[in-house]
Amino acid sequence: MKAISIGLLGLGTVGSGVVQIINNHQDKLMHQVGCPVKIKKILVKNIDKARDFEIDRNMLTLSADEIIDDPEIDVVIEVMGGVESTKEYLLRAIRNKKHIITANKDLMALYGSELLEEATHNGCDLFYEASVAGGIPILRGLVDGLASDRITKMMGIVNGTTNFILTKMSKYGSPYEEVLTEAQQLGYAESDPTADVEGLDAARKMAILATLGFSMKIDLSDVSVKGITSITKEDLDYSKRLGYTMKLIGIASRTDEKVEVSVQPTLLPEAHPLANVNDEYNAVYVYGEAVGETMFYGPGAGSLPTATSVVSDLVMTMKNMRLGVNGRSAAAPQFEKCLKKPDEVYSKYFLRLHVKDEVGVFAKITTLFAKHSVSFEKILQLPIKEKDSAEIVLVTHRASLQDYENILNQLKDNALVHNIKSTYRVEGDEA
Ligand SMILES: NC(=O)C1=CN([C@@H]2O[C@H](COP(=O)(O)OP(=O)(O)OC[C@H]3O[C@@H](n4cnc5c(N)ncnc54)[C@H](OP(=O)(O)O)[C@@H]3O)[C@@H](O)[C@H]2O)C=CC1
Ligand SMILES: N[C@@H](CC=O)C(=O)O
Ligand code: NA
């Protein structure tokens, strides 16, 4: 069999890892697929950029057409990022009968179904394992490993940058800006880290996971999102004091045929398995009706871990080429989308309030919660420095989102409440 020829779009953190793995693992690749694998051209933005590894300058190009229109190139690996123009490149490559591998969750969360349809139509593979939880084989785990089961819940830490930041802030009290810079230097963050810290990157991954896990087309706009930028040292200290760890958690849950997908800072009991996933590591807890609880754990970002998923997709593509079965693995969703309403989403909540420091305030707040049938599981009341103010920190029992939002709105309008400082979802101790 002739050598497989690759066109690489991008030579940054992930792209350089792909080059390294393909070059260093030639024997293994040869053994698995029966032919050599050669990178023919690499698209970059700046040919003259200093790179901290050796690369033949003649392989670099500024023209995507040199890859997309090259009849000798069999597989295009996209690790450059971007959405609209990247989508056009990939559609053209597919129409030129090239198989596609991408790490691009921004693209897959928005246009995944369109690209997959076009790939199937053209007999091409399109794999995107690296787009969710970097080096963890979670997509293959869902689509192949748990193919026979009905998945009802996925809960995950799917953003390495924010997990790195929250770990360093909670464990060592490190300042947010300093840790974010470190995460950028280590290659975990997106080129614009706003998507990481505002929860959008995790939301994209949860949309991809929910679409595959529930076989239902979940759009990015279906995911409710809150990031980590407003988390304070006080919130982290109170979490610890109450026995919780703060994590940015993506939740996708299904009850009957209705689903909820969200990303938000969440308190987990310290002993919860996800509470002990630290630094840039990711983990996805998956509950299937037959299998019960499973957990996928590993590095969620970084050069070689992410490139491992990319090159594993390449191996799968080449095995399919050998068997002549490319373009057959993407299945259209089985179910119509049906989202839960706020009165169907249940959780516990952490709430931190500054209230007027006078007799009877606490009783009035308790009465307000009781009116909505929401009771407290934990509560602290502390004096604070601000004159005439006290701080109340509480954790509710399970309540519907609808009831909880009604309570928050009434607290906002209540003259006894000076300030709603923060509120977070609490998960993982359902007892
Ligand atoms: N970093 C990570 O840990 C992970 C990243 N991903 C995803 O992988 C993709 C790549 O990420 P990463 O490697 O970190 O990104 P980098 O910013 O490190 O690298 C991007 C590469 O693409 C090239 N490039 C970018 N835009 C263009 C353009 N318009 N035309 C030509 N070349 C371009 C750059 O060229 P030049 O070198 O000349 O600047 C660079 O080589 C993204 O979609 C990201 O979301 C997924 C999982 C993990
Ligand atoms: N910026 C992302 C990279 C991997 O997807 C992250 O931090 O997880
Ligand atoms: Na993955």
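Note: hydrogens, waters and symmetry copies are ignored here, and every other heavy atom, side chains too, is used. Read the numbers this way: they start at 1 and go in the same order the structure lists the ligands and their atoms.
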Review point. Going by heavy atoms in the side chains, are Lys240 and Thr245 under 4.5 Å from each other?
Key: no
Review point. What orientation do Tyr297 and Tyr281 show, parallel under 30°, tilted 30 to 60°, or perpendicular over 60°?
Key: parallel
Point to revise | Pair Tyr349 + Tyr424: ring centers closer than 6.0 Å | key: no
Review point. Can you check whether Glu78 has an N/O within less than 3.5 Å of an N/O in ligand 1?
Key: no
Check your understanding: Taking C-beta and beyond as the side chain, do Thr167 and Val179 meet within less than 4.5 Å on heavy atoms?
Key -> no
Review point. In the protein, what heavy atom is nearest to atom 8 (O) of ligand 1, and what distance, to one decimal place, separates them?
Key: Ala103 CB, 3.6 Å
Exercise for review: Examine the side chains of Glu78 and Tyr128 and answer whether a donor and an acceptor come within less than 3.5 Å of each other.
Suggested key: no
Review point. Tyr188 to ligand 2: N or O pair under 3.5 Å?
Key: yes
Exercise for review: Measure from NZ or CZ of Lys153 to the centre of the six-membered ring of Tyr287, then state whether that distance is under 6.0 Å and the direction lies within 45° of the axis.
Suggested key: no
**Study point:** Over all atoms of both residues, closest heavy-atom pair of Gly327 and Asp125
**Key:** N-OD1, 2.7 Å
**Study point:** Shortest protein heavy-atom distance from atom 5 (O) of ligand 2, along with the residue and atom involved
**Key:** Lys105 NZ, 2.6 Å
Exercise for review: Please indicate whether any nitrogen or oxygen in Gly300 is less than 3.5 Å from any nitrogen or oxygen in ligand 1.
Suggested key: no
Revision key, fill the gap. Taking every heavy atom of Met154 against every heavy atom of Leu209, the minimum-distance pair comes out as CE-O, 3.6 Å
Practice item. Verify the distance criterion only: is there a donor paired with an acceptor across the side chains of Ser253 and Lys340 at less than 3.5 Å? Key: yes
Revision key, fill the gap. Taking only non-hydrogen atoms of Leu43 and a 4.0 Å limit, the atoms of ligand 1 in range are 31 (C)
Exercise for review: Find all atoms of ligand 1 within a distance of less than 4.0 Å from any non-hydrogen atom belonging to Asn104, and give their numbers and elements.
Suggested key: 43 (O)
Check your understanding: N/O to N/O below 3.5 Å, does that happen between Lys49 and ligand 1?
Key -> yes
Review point. Is Gly12 in polar range of ligand 1, meaning some N or O pair under 3.5 Å apart?
Key: yes
Exercise for review: For atom 7 (O) of ligand 2, find the nearest protein heavy atom and state the residue, atom name and distance (0.1 Å precision).
Suggested key: Thr161 OG1, 2.6 Å
Point to revise | Charged N-O contact under 4.0 Å between Asp74 and Lys2 | key: yes
Check your understanding: Do you see an N/O/S atom of Ala130, backbone or side chain, under 3.0 Å from the Na ion (ligand 3)?
Key -> no
Exercise for review: May I ask whether Gly302 has any heavy atom positioned less than 4.0 angstrom from an atom of ligand 1?
Suggested key: yes
Review point. To the nearest 0.5 Å, what is the distance between NZ (Lys105) and CG (Leu110)?
Key: 13.0 Å
Exercise for review: Just jot down the ligand 1 atoms closer than 4.0 angstrom to any heavy atom of Gly10, in number order.
Suggested key: 21 (C), 22 (O), 23 (C), 41 (O)
Review point. Do any nitrogen or oxygen atoms of Gly187 lie less than 3.5 angstrom from nitrogen or oxygen atoms of ligand 1?
Key: yes
Review point. Regarding Asn278 and Asn163, is there a side-chain donor-to-acceptor distance under 3.5 Å anywhere?
Key: no
Check your understanding: At what distance is the nearest protein heavy atom to atom 42 (C) of ligand 1, and which residue and atom is it?
Key -> Gly81 CA, 3.9 Å
Study note, to complete from the structure: Near Asp196 (heavy-atom distance under 4.0 Å), the atoms of ligand 2 are 1 (N), 2 (C), 6 (C), 7 (O)
Point to revise | Nearest heavy-atom neighbours spanning Lys98 and Asp70 | key: NZ-O, 2.7 Å
Revision key, fill the gap. Nearest non-hydrogen protein atom to atom 8 (O) of ligand 2, with distance, is Gly160 N, 2.7 Å
Review point. At a 4.0 Å threshold, what atoms of ligand 2 neighbour a non-hydrogen atom of Lys205?
Key: 2 (C), 4 (C), 5 (O), 6 (C), 8 (O)
Check your understanding: Can you check whether Leu248 reaches Ile157 side chain to side chain, under 4.5 Å on heavy atoms?
Key -> no
Exercise for review: Return yes when at least one protein heavy atom is under 4.0 Å from atom 37 (O) of ligand 1, and no when none is.
Suggested key: yes
Check your understanding: Considering only heavy atoms of Lys105, which atoms of ligand 1 have at least one such atom less than 4.0 Å away?
Key -> 6 (N), 7 (C), 44 (C), 45 (O), 46 (C), 47 (C)
Review point. Given the protein's heavy atoms, is any one of them under 4.0 Å from atom 14 (O) of ligand 1?
Key: yes
Review point. Nearest heavy-atom pair of Ala307 and Val18: which atoms, and what distance?
Key: CB-N, 3.4 Å
Check your understanding: Between Ala130 and ligand 1, which residue portion shows a heavy-atom distance shorter than 4.0 Å: side chain, backbone, both, or neither?
Key -> backbone
Practice item. Could you verify whether a donor N or O on one side chain and an acceptor N or O on the other, from Ser400 and Gln402, lie under 3.5 Å apart? Key: no
Review point. Would you say the side-chain atoms of Thr194 and Asp192 include a donor-acceptor pair closer than 3.5 Å?
Key: yes
Check your understanding: Should you measure from each heavy atom of Asn159, which atoms of ligand 2 turn up under 4.0 Å away?
Key -> 2 (C), 6 (C), 7 (O), 8 (O)
Revision key, fill the gap. Contact region, Thr306 to ligand 1, non-hydrogen atoms below 4.0 Å, reads side chain
Point to revise | Heteroatom distance test (Val14, ligand 1): nitrogen or oxygen, under 3.5 angstrom | key: yes
Point to revise | Polar proximity ligand 1 side, Ser303 side, N/O cut 3.5 Å exclusive | key: no
Review point. Which of the atoms of ligand 2 are close to Glu190, meaning less than 4.0 Å from one of its heavy atoms?
Key: 1 (N), 2 (C), 3 (C)
Exercise for review: Return yes when at least one N/O/S atom of Ile136 is nearer than 3.0 Å to the Na ion (ligand 3), and no when none is.
Suggested key: yes
Exercise for review: Answer yes or no: is there an ion pair linking Lys233 with Asp235, defined by an N-O contact shorter than 4.0 Å?
Suggested key: no
Practice item. Compute the minimum heavy-atom distance from Ser191 to ligand 1 and say whether it is under 4.0 Å. Key: no
Check your understanding: Below 3.5 angstrom, do we get any N/O pair linking Lys45 and ligand 1?
Key -> yes
Practice item. Pull out every atom of ligand 1 sitting under 4.0 Å from any heavy atom of Glu190, numbered as shown with elements. Key: 44 (C), 45 (O)
Review point. Under 4.0 Å from any heavy atom of Ala301, which atoms of ligand 1 are there?
Key: 3 (O)
Check your understanding: Would you say Asn46 has any N or O atom under 3.5 Å from an N or O of ligand 1, going by distance alone?
Key -> yes
Review point. Should we count CD of Glu344 as having more than 12 external heavy atoms under 6.0 Å?
Key: yes
Revision key, fill the gap. At the Na ion (ligand 3), O of Val132 and O of Glu129 open up to roughly (10° bins) 80°
Review point. Do ligand 1 and Leu11 have nitrogen or oxygen atoms that lie under 3.5 Å from each other?
Key: yes
Check your understanding: Is the distance between the ring centroids of Phe164 and Tyr188 under 6.0 Å?
Key -> yes
